[in-house]
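Step one of this worksheet: look at the structure below.
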Amino acid sequence: QVQLVESGGGTVQAGGSLSLSCTASGSIGRINAMGWYRQAPGKQRELVARITSSGNTNYVDSVKGRFAISRDYAKNMMYLQMNSLQPEDTAVYYCAADRLGLLRTRSDVDYWGKGTLVTVSS
């Protein structure tokens with residue numbers, strides 16, 4: 001019903017920047033909140049950033065002040081600007097969307113992208 005495709009992953013040195021994008025297609029009108037999750041090897045998948053249809057944003061404490069989430073409704077795209085990257089940010093980053101809710105938890109996710117790998121070297 002809704003497809004999410006991430007792009008922009010890659011390898012960057014610590015302190016560098018990277019920008020991720022997520023393109024949504026299908027029944028876009030069903031999407032309310034969107035966000036980015038990440039999962040490192042052996043770790044739980046965690047919500048990194050979230051943005052609601054009204055533009056409110058939330059970030060996990062570890063990325064506050066370094067990451068910025070945004071959404072372009074006209075282009076059906078969502079972005080994650082990542083600055084001052086650290087090795088601890090290394091993970092597969094997933095685009096996620098919540099049909100009606102605020103995407104508070106993983107159980108709220110209705111649609112997932114396949115992920116894009118971000119590797120930060122020190």
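Because only heavy atoms are used, hydrogens play no part in the values below, and waters and symmetry mates are left out as well, while side chains stay in. Here, residue 1 is the first one in the sequence, and each next residue gets the next number.
Atom OG of Ser27 and atom CD of Gln1 lie 4.5 Å apart (nearest 0.5 Å). Between the CE atom of Met34 and the SG atom of Cys22 there is a distance of 4.0 Å, given to the nearest 0.5 Å. From Phe67, atom CZ reaches atom CG of Asn83 across 8.5 Å, with rounding to the nearest 0.5 Å. Here the CG-OG distance, from Asn32 to Ser54, works out to 8.0 Å after rounding to the nearest 0.5 Å. Taking CD of Gln39 as the reference point, atom CD of Glu46 lies at 9.5 Å (rounded to 0.5 Å). Distance check, rounded to the nearest 0.5 Å: CG of Leu20 to OG of Ser7 gives 8.0 Å.
Contact detail for Ala68 and Tyr59: the closest heavy-atom pair is CA-OH, 3.3 Å. A pairwise comparison of heavy atoms in Met78 and Gly35 identifies CE-O, 3.3 Å as the closest pair. Heavy atoms only, all atoms of each residue included: Ser62 and Arg38 are closest at OG-NH2, 3.4 Å. The two atoms that bring Ser122 and Pro87 nearest to each other are CB-CG, 3.6 Å, heavy atoms only. Ile31 and Ala24 make their closest contact through CD1-CB, 4.3 Å (heavy atoms, listed as atom of the first residue, atom of the second, distance).
Annotation: side chain of Tyr93 is in contact with side chain of Leu80 (closest heavy-atom distance under 4.5 Å). Taking 4.5 Å as the limit, every side-chain heavy atom of Tyr37 sits out of range of all side-chain heavy atoms of Val48. For the pair Leu18/Leu85, a side-chain contact is recorded, criterion being any heavy-atom separation below 4.5 Å from C-beta on. Here the side chains of Tyr73 and Ser53 are in contact, with some heavy-atom distance below 4.5 Å.
Cluster annotation: Val63 and Tyr79 are assigned to distinct hydrophobic clusters (Ile/Leu/Val/Met/Phe/Trp/Tyr, side-chain heavy-atom contacts under 4.5 Å, transitive). Follow the hydrophobic side-chain contacts under 4.5 Å out from Ile51 and you never reach Leu47; the two are in separate clusters. Val118 is not connected to Val92 by any chain of hydrophobic side-chain contacts under 4.5 Å among Ile, Leu, Val, Met, Phe, Trp and Tyr, and they are in different clusters. Leu4 and Met77 fall into different hydrophobic clusters, where Ile, Leu, Val, Met, Phe, Trp and Tyr side chains are chained together by heavy-atom contacts under 4.5 Å.
Of the possible polar contacts, none joining the Thr90 side chain to the Thr119 backbone as a donor-acceptor pair under 3.5 Å is found.
Sequence neighbours left out, not one pair with a member in residues 98-112 passes salt bridge (charged side-chain N to carboxylate O under 4.0 Å, His left out). Sequence neighbours left out, the pairs with a member in residues 57-85 that pass salt bridge (charged side-chain N to carboxylate O under 4.0 Å, His left out) are Asp61-Lys64, Arg66-Asp89.
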Inset, instruction - Assess whether side-chain contact (heavy atoms from CB on, under 4.5 Å) is satisfied between Ser17 and Gln81, documenting all intermediate values. - result: CA-CA 8 Å; Ser17 299; Gln81 178 64 46; 3.9 Å; yes

Legend entry - Working for side-chain contact (heavy atoms from CB on, under 4.5 Å), residues Trp36 and Ile69: CA-CA 8 Å; Trp36 291 93; Ile69 188 171; 3.7 Å; yes

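Remark: of the listed residues Leu103, Asn58, Leu102, Leu102 is the sole one forming a side-chain contact (heavy atoms from CB on, under 4.5 Å) with Thr52.
Electrostatic pairing of Glu6 and Lys114 does not count as a salt bridge here, judged by no charged N lying under 4.0 Å from a carboxylate O.
A perpendicular orientation is assigned to the rings of Trp112 and Tyr94, their planes being inclined by more than 60° (bins at 30° and 60°).
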